[in-house]
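So you know, we letter chains A, B, ... as the sequences are listed, proteins then strands, and number each from 1.
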Amino acid sequence: MTVPKEYIPHEIEPKWQSAWDMSMYHFNWDGDNRPQYIIDTPPPYPTGNFHIGNSLNWCYIDFVARYKRMRGFNVMFPQGWDCHGLPTEVKVEETHGITKNQVPRMEFRNMCEELTVNNIEKMRKTMMNLGFSIDWSNEFITMDPAYYVKTQKSFVKMFDMERVYQDEHPVNWCPRCETAIAFAEVEYDTRESHLNFLHFDTLEIATSRPELLSACVAVAINPDDERYNGSIGGTVKVPLFGHDVPVIGDKEVDPSFGTGAVMICTFGDKQDVRWWLEHKLPLRKAIDKSGNMTDIAGKYEGMTIAQCKKAIIEDLKSEGYLYDQKPLEQNVGMCWRCKTAIEILSERQWFAKIDQDEILNTADEIQWLPEYMKIRLQNWTNTMEWDWCISRQRIFATPIPVWYCKDCSKVMVAKEEWLPLDPTQIGPKEACECGSTEFEPEEDVLDTWMDSSITALHVSGWLSDHELRLPTQLRPQGHDIIRTWSFYTILRSMALTGKKPWDSILINGMVLGEDGQKMSKSLGNIISPETVIEEHSADAFRQWAAVGGSTGSDIMFRWKDVVSASRFIQKVWSIYRFSMSHLEDYDFNDKDVSGISVNDLPVIDRWLLSKLTKLVKSVTSSMNEYQFDESFKTIRGFTWETVADNYLELVKSRLYGDDADARRAAQYTLHITVDTITRILAPFTPFLAEEMYSQIGSGSVHVQSWPDVNESLIDEDAEREGELIKDIVASVRRYKSEGGMALNAPLKEIEIYGELGDVTDIEGATNSPVKVIVGEPDFEHVPVGVKPNMGIIGPKYRKQAGAIIKILTEENPQKIANQVASGSIVVTVDGEDITLEPEAVMIEKEVVSAGRAVDVLDVSGMVVVIVR
RNA sequence: GGGCCCGUGGUCUAGCCGGUUAUGACAUCGCCUUUACACGGCGGGGAUCAUGAGUUCGAAUCUCAUCGGGCCCA
């Protein structure tokens with residue numbers, strides 16, 4: 001078996017991609033006694049572009065899925081697609097040059113579905129290229145009847161339990177999308193505007209929205225505001241429009257803002273809604289669904305909001321009502337998709353009840369990673385004032401399975417067994433209670449979050465032939481959708497099953513460009529995962545995802561991380577190649593027999609195996625905590641430094657040598673090490689690991705078990721001695737390097753003063769004879785410094801510690817050293833003698849060669865003499 | 001206005017339930033073709049741990065304030 005010198009990912013990655021039988025990643029629904037590990041994978045919106053942010057998140061998921069599988073879990077890593085929504089509608093309108101109302105509903109839907117199917121296919125391709133171990137047998141597509149039947153049933157169930165209801169209520173409205181939206185879909189931004197000061201009959205009021213004068217239903221002032229004593233309870237006439245409105249008192253009015261008198265319109269903002277509800281004011285709708293003025297606006301009817309604002313200001317000026325204008329910085333709510341300023345309109349809509357306590361209590365039962373992300377959910381939950389508006393006035397979404405009786409207007413909600421259905425296409429299977437069979441279909445559709453907020457239920461077998469496996473174990477997602485996806489999923493899971501949706505939620509960060517800015521088209525700093533794969537490899541990309549930053553925090557994309565990842569792959573390959581060339585005559589299946597007992601191995605082998613065991617232990621624990629960066633950095637450090645730079649150099653002489661037992665010991669150790677590294681690398685670099693494993697094991701590495709931690713391999717003595725050997729060799733190497741010698745240049749002799757058993761590896765690695773001499777060298781030790789041990793002196797002497805340290809470090813080191821040799825150190829602080837134990841200080845010594853033609857190295861306190 | 005996170009060599013970062021010389025990577029400089037790897041090896045330089053105060057024998061670490069950056073919400 002020859003291993004090529006270079007690792008070529010562009011050949012190896014596609015090779016495994018097509019060779020892999022993806023059924024090895026399938027979840028086993030029945031008769032499996034492994035513990036389940038179900039991941040509530042985010043269903044991406046099928047834009048056709050699986051971007052770098054998705055990729056980061058999916059890398060995390062894949063690390064977890066592969067790791068858990070190797071740890072013996074029955075893992076489900078499903079893949080969903082959150083299809084419905086406005087962007088697809090807009091795209092279809094663009095490509096076909098139509099608007100949604102120009103073609104029949106079903107035809108428009110079909111166009112959307114076609115586009116979505118194509119986009120999903122493109123994104124699947126990228127996912128495959130990145131090597132994700134997705135369980136495609138559990139794929140779900142929210143626009144498919146198989147899925148949306150569940151969305152519809154969830155609607156009906158929640159209606160039956162009165163957690164979904166219909167009502168006329170103010171809602172956030174996007175005039176461009178012509179649909180209601182939820183608070184979660186409103187973004188805020190500051191805009192420059194003007195505060196207009198108006199003579200308002202007998203009062204003065206200030207308003208930023210004069211275009212809503214026609215919708216004015218009251219004027220409010222603070223009852224404690226003495227300027228307006230006696231006004232409360234009266235009425236005032238609205239300028240230009242002439243209708244009378246009451247003057248009411250409300251403590252919420254800020255007397256220092258504007259004139260202290262504020263007009264209440266239906267509706268200028270959220271505060272208007274609060275006042276409107278509290279004071280039971282009438283409703284005047286001045287803005288229609290497209291953002292145009294209604295007949296209430298009189299001569300301004302049909303104008304857009306902006307046109308109306310301009311015209312009204314002109315008229316107010318010319319008629320002398322407007323007496324001042326001041327610039328005002330305003331926070332404007334906007335539609336999160338199209339950035340159009342939202343309006344608040346009162347409409348008949350469907351709502352889902354929000355039980356804040358239930359959400360907060362459930363959130364407490366879920367493990368949040370990182371912990372502080374829970375606060376975001378809590379803050380958001382606490383600010384909820386209205387219920388969740390779940391109806392939308394669009395087409396490409398899950399239909400609301402409802403009709404209205406033409407005779408008595410009664411609402412007919414579909415029976416669960418009728419579902420799935422589209423009420424615009426078929427009627428109910430029963431007559432209305434009034435006897436009528438004539439119905440109007442509900443044309444509104446459901447918020448797409450109604451689809452995606454049951455993913456946890458769906459993947460865990462809700463409403464299927466399988467038993468319900470809720471809660472799932474992990475929800476991975478971005479922090480940008482905590483207020484939506486997390487919030488709604490908890491709400492729905494509790495409402496529909498009474499169970500929490502997940503044991504843990506893992507929040508990933510956002511990906512920033514190399515300039516530290518958020519990746520965006522306008523900044524031109526977008527990097528696609530495909531580009532990274534082409535220029536390097538999927539395994540390199542995945543390493544960037546692992547080490548780019550700690551889980552949860554935003555991470556920057558950096559090409560140099562990808563470059564160093566590629567180098568690491570090459571380094572591992574090189575270690576592998578070296579190992580394989582020395583393992584040709586070694587039987588892999590023979591590792592536990594063949595008369596090799598770990599205790600008989602040379603110390604450097606035991607040193608490595610001990611460190612390897614600790615590595616597995618440490619990686620296991622950081623993987624359990626989803627600390628991928630820590631896990632991978634630990635593996636990389638060990639592989640590169642401990643194995644490549646130290647161990648391989650130390651055992652080369654044995655591997656090339658004639659001593660069969662010594663060689664066999666190295667082979668044994670090498671094999672275990674390569675096997676272990678291959679396995680623990682598998683979750684991170686699945687292609688590289690598979691390629692390596694294909695020659696050292698049978699079957700795919702991805703169905704192997706995670707290495708066991710064999711505590712008996714941990715050998716502190718071997719580690720200490722091994723460390724010393726490693727340090728001695730490193731010192732000799734440094735010595736040669738500094739002396740301009742070739743690293744394999746033989747030295748006359750190396751004398752080591754101290755206790756050291758086996759030195760053959762030192763001889764091999766230094767290419768020089770080694771003599772171990774027990775006892776003190778006859779060189780002069782010169783103490784050159786005293787280092788106080790703070791850990792001992794500090795807690796024991798507290799206030800005196802400072803003074804003691806001062807004395808110790810300023811005293812002649814030789815004097816202190818003599819005291820240490822005698823067993824105790826006495827220092828005098830403020831006339832008081834304090835006796836310190838010898839452990840309280842470390843004496844730094846320098847060894848001076850007494851005239852011999854040698855060089856003396858000090859390796860961790862041990863004297864090593866180089867005889868030239 | 002409220003909440004949350006964060007300021008560590010040129011850049012990014014570890015450490016942060018206090019305790020010897022502050023970790024690593026990239027970059028930089030010098031040396032080396034050594035039978036796995038020059039996509040490599042060995043070595044060097046480079047940090048007032050944002051600023052100020054406090055607690056303490058001792059602070060990158062704890063407390064407070066200030067400044068700066070980011071995110072979420074109003």
Side-chain angles (χ1 to χ4, degrees), chain A residues 3 5-7 183-184 186-188 269-271 331 333 370-385 479-480 482-483 509-510 512 514 516-518 536 540 547-550 552-556 558-561 563-582 629-630 633-634 636-637 640-641 643-645 648-649 652-653 655-656 670 730-745 765-767 785-806 829 840-842 844:
Chain A
V3 177
K5 185 172 175 181
E6 219 183 319
Y7 178 82
F183 271 112
V186 179
E187 276 181 3
Y188 293 87
D269 60 20
K270 211 169 147 185
Q271 184 58 45
N331 269 306
E371 177 73 30
Y372 62 80
M373 287 295 179
K374 182 164 86 178
I375 295 162
R376 296 231 179 147
L377 183 91
Q378 290 169 333
N379 287 347
W380 174 251
T381 307
N382 286 325
T383 61
M384 295 312 294
E385 289 183 52
H479 54 69
D480 52 336
I482 288 176
R483 62 182 180 164
M510 300 286 131
L512 307 174
E514 289 206 275
Q517 304 276 85
K518 210 168 167 176
H536 293 272
V547 302
S550 64
S553 58
D554 289 352
I555 82 171
M556 248 187 256
R558 280 182 296 258
W559 277 108
K560 63 181 185 185
D561 283 351
V563 171
S564 66
S566 295
R567 286 188 188 150
F568 178 60
I569 291 172
Q570 190 54 50
K571 186 75 189 180
V572 173
W573 187 249
S574 181
I575 292 167
Y576 172 69
R577 180 165 173 262
F578 173 82
S579 306
M580 295 311 285
S581 72
H582 289 283
D629 58 331
E630 202 181 314
K633 281 174 183 169
T634 309
R636 191 172 61 183
W640 207 309
E641 283 140 40
V643 178
D645 295 346
L648 293 188
E649 295 301 332
K652 265 182 186 170
S653 66
L655 287 168
Y656 286 110
L670 205 51
S731 296
V732 173
R733 226 188 283 164
R734 192 178 310 136
Y735 169 82
K736 287 181 179 177
S737 173
E738 281 167 1
M741 285 179 239
L743 289 179
N744 59 353
T766 55
N767 196 23
V786 174
K787 219 165 263 180
N789 187 338
M790 299 312 299
I792 293 175
I793 300 169
K796 197 163 174 185
Y797 299 100
R798 297 275 153 195
K799 292 215 184 280
Q800 291 168 314
I804 293 171
I805 290 154
K806 194 158 185 267
V829 177
V841 295
M842 277 256 299
E844 289 179 312

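- Of the residues near RNA chain B, A:Leu648 and A:Asn379, the one whose nearest nucleotide (by heavy atom distance) lies more toward the 5' end is A:Asn379.
- Classified by interplanar angle (parallel below 30°, tilted 30° to 60°, perpendicular above 60°), the ring pair A:His536/A:Trp559 is tilted.
- For B:rC5 and B:rU11, the P atoms lie 25 Å apart once the distance is rounded to whole Å.
- In this structure, the nucleotide among B:rC4, B:rC37, B:rC71 sitting nearest to the side chain of A:Glu649 is B:rC37.
- Side-chain proximity of A:Glu6 to the nucleotides B:rC39, B:rC72, B:rG41 is greatest for B:rC39.
- Distance CD1 (A:Ile575) to C1' (B:rU35): 17 Å, rounded to an integer number of Å.
- When the P atom is used for both B:rC16 and B:rG7, the distance is 13 Å, rounded to whole Å.
- As a whole-Å value, the separation of A:Met510 CE from B:rC4 P is 20 Å.
- When both distances must be under 3.5 Å, the Watson-Crick or G-U wobble mate of B:rG43 is B:rC29.
- Between A:Glu630 and A:Lys633 there is no salt bridge, since no side-chain nitrogen of the basic residue lies less than 4.0 Å from a carboxylate oxygen of the acidic one.
- Here B:rU13 is the nucleotide among B:rC73, B:rU13, B:rC37 with the atom lying nearest to any side-chain atom of A:Lys633.
- Using a 4.0 Å heavy-atom cutoff across all strands shown, A:Asp480 reaches no nucleic acid atom at all.
- A donor-acceptor pair is defined here as one N or O able to donate and one able to accept, closer than 3.5 Å; such a pair exists between the side chain of A:Asp554 and the backbone of A:Met510.
- The interatomic distance linking A:Arg636 (CZ) with B:rA25 (P) rounds to 8 Å, in whole Å.
- Side-chain atoms of A:Tyr372 lie closest to B:rC4 of the nucleotides B:rC72, B:rC12, B:rC4.
- Separation of the C1' atoms belonging to B:rU21 and B:rA38 is 32 Å when rounded to the nearest angstrom.
- Using a 4.0 Å heavy-atom criterion, one finds that A:Lys5 contacts the sugar-phosphate atoms exclusively.
- Counting non-hydrogen atoms under 4.0 angstrom, A:Ala644 reaches a base of the nucleic acid.
- The nearest whole Å value for the distance from the CD atom in A:Glu641 to the P atom in B:rG24 is 8 Å.
- Side-chain N or O atoms of A:Glu649 include none that pairs as donor or acceptor with a backbone N or O of A:Ala765 at under 3.5 Å.
- B:rU20 sits 33 Å from B:rU66 when the C1' atoms are compared, rounded to a whole Å.
- The base-pairing partner of B:rC71, taking Watson-Crick or G-U wobble contacts with both distances under 3.5 Å, is B:rG3.
- Remark: A:Arg567 is in phosphate contact with B:rG40, judged by side-chain N or O atoms under 4.0 Å from OP1 or OP2.
- The closest donor-acceptor contact from the side chain of A:Arg577 to the backbone of A:Val3 lies under 3.5 Å.
- Smallest separation of non-hydrogen atoms from A:Trp573 and A:Lys5: CD1-O, 3.5 Å.
- Here B:rA74 is the nucleotide among B:rA74, B:rG40, B:rC26 with the atom lying nearest to any side-chain atom of A:Lys270.
- Of all nucleotides present, only B:rG52 satisfies the Watson-Crick or G-U wobble test against B:rC64, with each distance under 3.5 Å.
- Between the CZ atom of A:Phe578 and the C1' atom of B:rC39 there is a distance of 19 Å, rounded to whole Å.
- Rounded to whole Å, atom C1' of B:rC5 lies 10 Å from atom NE2 of A:His479.
- Considering only the side chain of A:Lys571, B:rC37 comes nearest among B:rC37, B:rC72, B:rC42.
- When each of A:Trp640 and A:Ser574 is assigned the nucleotide of RNA chain B with its nearest heavy atom, A:Ser574 is the one assigned upstream, toward the 5' end.
- One atom, CD of A:Gln570, and another, C1' of B:rG41, lie 15 Å apart when rounded to the nearest Å.
- As rounded to the nearest Å, B:rA60 and B:rG70 have P atoms that lie 28 Å from one another.
- The CG atom of A:Asp554 sits 10 Å away from the P atom of B:rC72 (whole-angstrom rounding).
- When the C1' atom is compared between B:rG46 and B:rG3, the two are found 39 Å apart, to the nearest whole Å.
- For B:rU23 and B:rA47, the P atoms lie 13 Å apart once the distance is rounded to whole Å.
- Which of B:rU11, B:rC4, B:rC12 sits closest to the side chain of A:Lys560 comes down to B:rU11.
- Pairing for B:rG18 is absent, judged as Watson-Crick or G-U wobble with the two contacts each under 3.5 Å.
- Between A:Ala644 and A:Ile575, the closest heavy-atom pair is CB-CD1, 3.7 Å.
- Taking atom P on both B:rC37 and B:rG10, the two are 37 Å apart, rounded to the nearest angstrom.
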